Amino acid sequence: MTVIMAKITDNKVIANGVADFHPDHIFDNGQCFRWVREADGSYTGTAFRKVVNINYIDGQIILENTSPEDFEKIWRPYLDLDRDYGVIKNLLKEDDPVMEQAITYGSGMRILKQDCWETLISFIISQNNNIPRIKKCIESLCRSHGELIGEYRGKIYYSFPSPETLAELPLSAIDPCRLGYRAGYILETAKKVAEDGGIRLALMEKEEPREAFEYLLGFSGVGPKVANCIMLFSMGMYGSFPLDVWIKRVMNRLYHIKKDDINAMNAYAEQYFKGFGGIAQQYLFYYVRQLDQII
DNA sequence: TTCCAGGTAGCCG
DNA sequence: CGGCTACATGGA
């Protein structure tokens, strides 16, 4: 699959040759928290200190408020455009009617390659929390301690605060963000990351998953589930299999694994999801959340 | 009022 | 090790 940047008009980039791409399936599936759906079905959001609007029409990705340089440097990897999800979907669907349903529902899903520091803090916030409130907490954190990075369609956008910025703050400074008991975890984690300017964290994506996992568990507020989310959503480790309440429910009720048997669930993912446990997990997550009470 | 949400830390046997 | 519970917050 080759993605070609086809056309450029002032601040717009259009990318051709992308299949398996649907903004709703990508930006509203719980892997990211800072993208907002516009009335036209496009999403506006920020990553790596840039503001962009993304839509998909007639087989083309339309990126507004960006440049060809940023498309190549930021958005191509961020949107995982060089991966053929068609191949992965076919692998996962084989002999798995549940997965087939999930993939049919979220056919345009992609795993974003997000900033690891932002993902680390975002998923610490996610623990024992619900998605709308996670989004509010993160936006509040960015508004109060991030930097102004741009204005787009009349709205102001802020960067995700740096480790150094958060490391200097007293607990009282993030009180208004309503992070609850996670506030302490976040400042502690920021201090640890800021010690070396985030270099060690950034290098983890080149390490073996096992090593990245152990390193992430060393942060306050990071357990197995959050570590797997960070590895999956920011380090390109697609075998990572985050087990949250929803996926546990799926594994129990649709894959008939004993409730709370984490080991059996991981073993199943390892054996049947062909190295793409994380991607499988994300199709399942997006699928079951709309079912609501069917399972 | 109680229950729940993309769980984890601390403690106890 | 495995099992248990408190932990802030706000919406249902």
Side-chain angles (χ1 to χ4, degrees), chain A residues 24-35 102 105-106 109-112 114 116 118-141 144 170-192 213-235 237-254 258-267 269 273 277-293 295:
Chain A
D24 288 327
H25 303 175
I26 294 169
F27 297 111
D28 195 26
N29 75 2
Q31 64 175 321
C32 53
F33 303 102
R34 299 200 64 202
W35 291 85
Y105 179 72
M109 194 280 297
R110 281 168 176 270
I111 302 293
L112 297 172
Q114 303 179 67
C116 51
E118 175 173 338
T119 308
L120 168 58
I121 298 302
S122 296
F123 279 91
I124 288 176
I125 292 172
S126 80
Q127 67 172 77
N128 204 34
N129 211 340
N130 58 65
I131 291 177
R133 212 174 81 82
I134 295 165
K135 289 180 178 174
K136 283 182 190 167
C137 289
I138 293 172
E139 271 328 293
S140 176
L141 199 57
S144 39
L171 262 175
S172 59
I174 56 169
D175 225 45
C177 299
R178 314 301 285 160
L179 303 170
Y181 66 91
R182 310 163 193 84
Y185 299 159
I186 288 163
L187 296 192
E188 247 190 87
T189 294
K191 281 176 194 146
K192 190 166 169 182
F213 185 73
E214 296 302 334
Y215 175 70
L216 290 168
L217 289 187
F219 289 107
S220 175
V222 177
K225 190 271 174 184
V226 168
N228 275 305
C229 283
I230 299 162
M231 292 162 67
L232 176 60
F233 300 134
S234 75
M235 297 180 179
M237 297 178 179
Y238 302 105
S240 305
F241 191 65
L243 272 166
D244 66 6
V245 287
W246 296 92
I247 297 300
K248 284 181 191 167
R249 219 170 279 158
V250 175
M251 296 311 283
N252 174 235
R253 301 191 198 171
L254 300 182
K258 219 188 295 171
K259 187 171 164 294
D260 296 326
D261 192 346
I262 308 289
N263 290 330
M265 293 177 185
N266 280 320
F273 295 152
I279 297 180
Q281 175 274 160
Q282 202 58 20
Y283 285 120
L284 292 171
F285 182 81
Y286 185 63
Y287 173 59
V288 295
R289 276 173 52 85
Q290 50 79 43
L291 293 179
D292 211 23
Q293 58 209 109
I295 68 162

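So you know, we letter chains A, B, ... as the sequences are listed, proteins then strands, and number each from 1. This is a predicted model, so every value here is computed, not measured.
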- prompt: How are the rings of A:Phe285 and A:Trp246 set relative to one another: parallel (under 30°), tilted (30 to 60°) or perpendicular (over 60°)?
  reply: perpendicular
- prompt: If the P atom of B:dC3 is compared with that of C:dT5, how far apart are they to the nearest Å?
  reply: 14 Å
Short side-chain to backbone donor-acceptor contact, A:Thr189 and A:Ser220, under 3.5 Å: yes
- prompt: Which one, B:dA5, B:dT8, C:dG11, comes nearest to the side chain of A:Val226?
  reply: B:dT8
- line: Residue set satisfying side-chain hydrogen bond (donor to acceptor under 3.5 Å, both in side chains) with A:Arg133, at least two apart, ordered chain then number -> A:Asn129
- prompt: Can you tell me how far P of B:dG7 sits from CD1 of A:Ile230, to the nearest Å?
  reply: 13 Å
query: Tell me, do A:Ser122 and A:Arg34 make a side-chain contact under 4.5 Å, heavy atoms counted?
result: no
message: I need the CD-C1' distance between A:Glu139 and C:dG10, as an integer number of Å.
response: 18 Å
- request: Among residues two or more places apart or on two chains, list those pairs meeting side-chain hydrogen bond (donor to acceptor under 3.5 Å, both in side chains) that have a residue in residues 170-187 of chain A.
  value: A:Gln127-A:Tyr181
Polar atoms only, N or O, under 3.5 Å: list the protein pairs with nucleotides 11-13 of chain B and their distances.
none

query: When the ring centroid of A:Phe123 is compared with that of A:Phe33, is the distance short of 6.0 Å?
result: yes
- prompt: How about A:Ile111 and A:Gln31: do any of their side-chain heavy atoms sit closer than 4.5 Å?
  reply: yes
message: From CZ of A:Phe33 over to P of B:dA5, roughly how many Å is that when rounded to an integer?
response: 15 Å
- prompt: Starting at the 5' end of DNA chain C, what dot-bracket string do you get if Watson-Crick and G-U pairs under 3.5 Å are bracketed, crossing pairs use [ ], other-strand pairs use | and unpaired bases use dots?
  reply: .||||||.||||
query: Is A:Leu243 touching bases, backbone alone, or none of the nucleic acid, heavy atoms closer than 4.0 Å?
result: nothing
- prompt: Is there a side-chain contact between A:Cys177 and A:Ser144, using heavy atoms and a 4.5 Å cut-off?
  reply: yes
task: Select from A:Ile247 and A:Phe219 the residue whose nearest nucleotide in DNA chain B is closer to the 5' end of that strand.
output: A:Ile247
Interatomic distance at C1', C:dG3 relative to B:dA5, whole Å: 22 Å
message: Can you pull out the residues from residues 119-135 of chain A that lie within a 4.0 Å heavy-atom distance of DNA chain B?
response: A:Phe123, A:Ser126, A:Gln127, A:Asn128, A:Asn129, A:Asn130, A:Ile131
message: Going by the rule side-chain hydrogen bond (donor to acceptor under 3.5 Å, both in side chains), which residues pair with A:Glu188 if we only count those two or more places apart in sequence or in a different chain?
response: none
task: For A:Gln114, check side-chain hydrogen bond (donor to acceptor under 3.5 Å, both in side chains) against everything at least two apart and list the hits.
output: none
message: I'd like to check the ring-ring contact (aromatic ring centres under 6.0 Å, His included) partners of A:Tyr283; sequence neighbours left out, ordered by chain and number.
response: none
- request: Verify the contact: side-chain N or O of A:Lys136 to OP1 or OP2 of C:dG11, cut-off strictly under 4.0 Å; return yes or no.
  value: yes
field: Separation of the P atoms in C:dA6 and B:dT2, to the nearest angstrom
entry: 14 Å
- line: Within residues 176-192 of chain A, the residues having a heavy atom closer than 4.0 Å to DNA chain C are A:Arg178, A:Gly180, A:Tyr181, A:Arg182
message: Using a heavy-atom cut-off of 4.0 Å across all strands, would you classify A:Tyr286 as base, sugar-phosphate, or nothing?
response: nothing
task: Rounded to whole angstrom, note down the P distance from C:dG10 over to B:dT8.
output: 22 Å
- prompt: Of A:Gln282 and A:Leu217, whose nearest nucleotide on DNA chain B comes first from the 5' end?
  reply: A:Gln282
message: Run the side chain to side chain contact (heavy atoms under 4.5 Å, CB included) test against A:Ser234 and tell me which residues pass, sequence neighbours left out.
response: A:Cys116, A:Thr119, A:Ile230
query: What nucleic acid atoms does A:Gly221 come within less than 4.0 Å of, heavy atoms only: base, sugar-phosphate, or nothing?
result: sugar-phosphate
- prompt: Base, sugar-phosphate alone, or nothing: which one does A:Asp175 contact when heavy atoms must sit under 4.0 Å apart?
  reply: nothing
query: How long is the line joining CZ of A:Phe213 and P of B:dG7, in whole Å?
result: 15 Å
Non-neighbouring partners of A:Phe213 that pass ring-ring contact (aromatic ring centres under 6.0 Å, His included), sequence neighbours left out: none
query: Is A:Lys135 reaching over with its side chain to a backbone N or O of A:Cys32, donor-acceptor style, under 3.5 angstrom?
result: no
message: Once side-chain hydrogen bond (donor to acceptor under 3.5 Å, both in side chains) is applied, do any residues pair with A:Asp260, and if so which ones, sequence neighbours excluded?
response: none
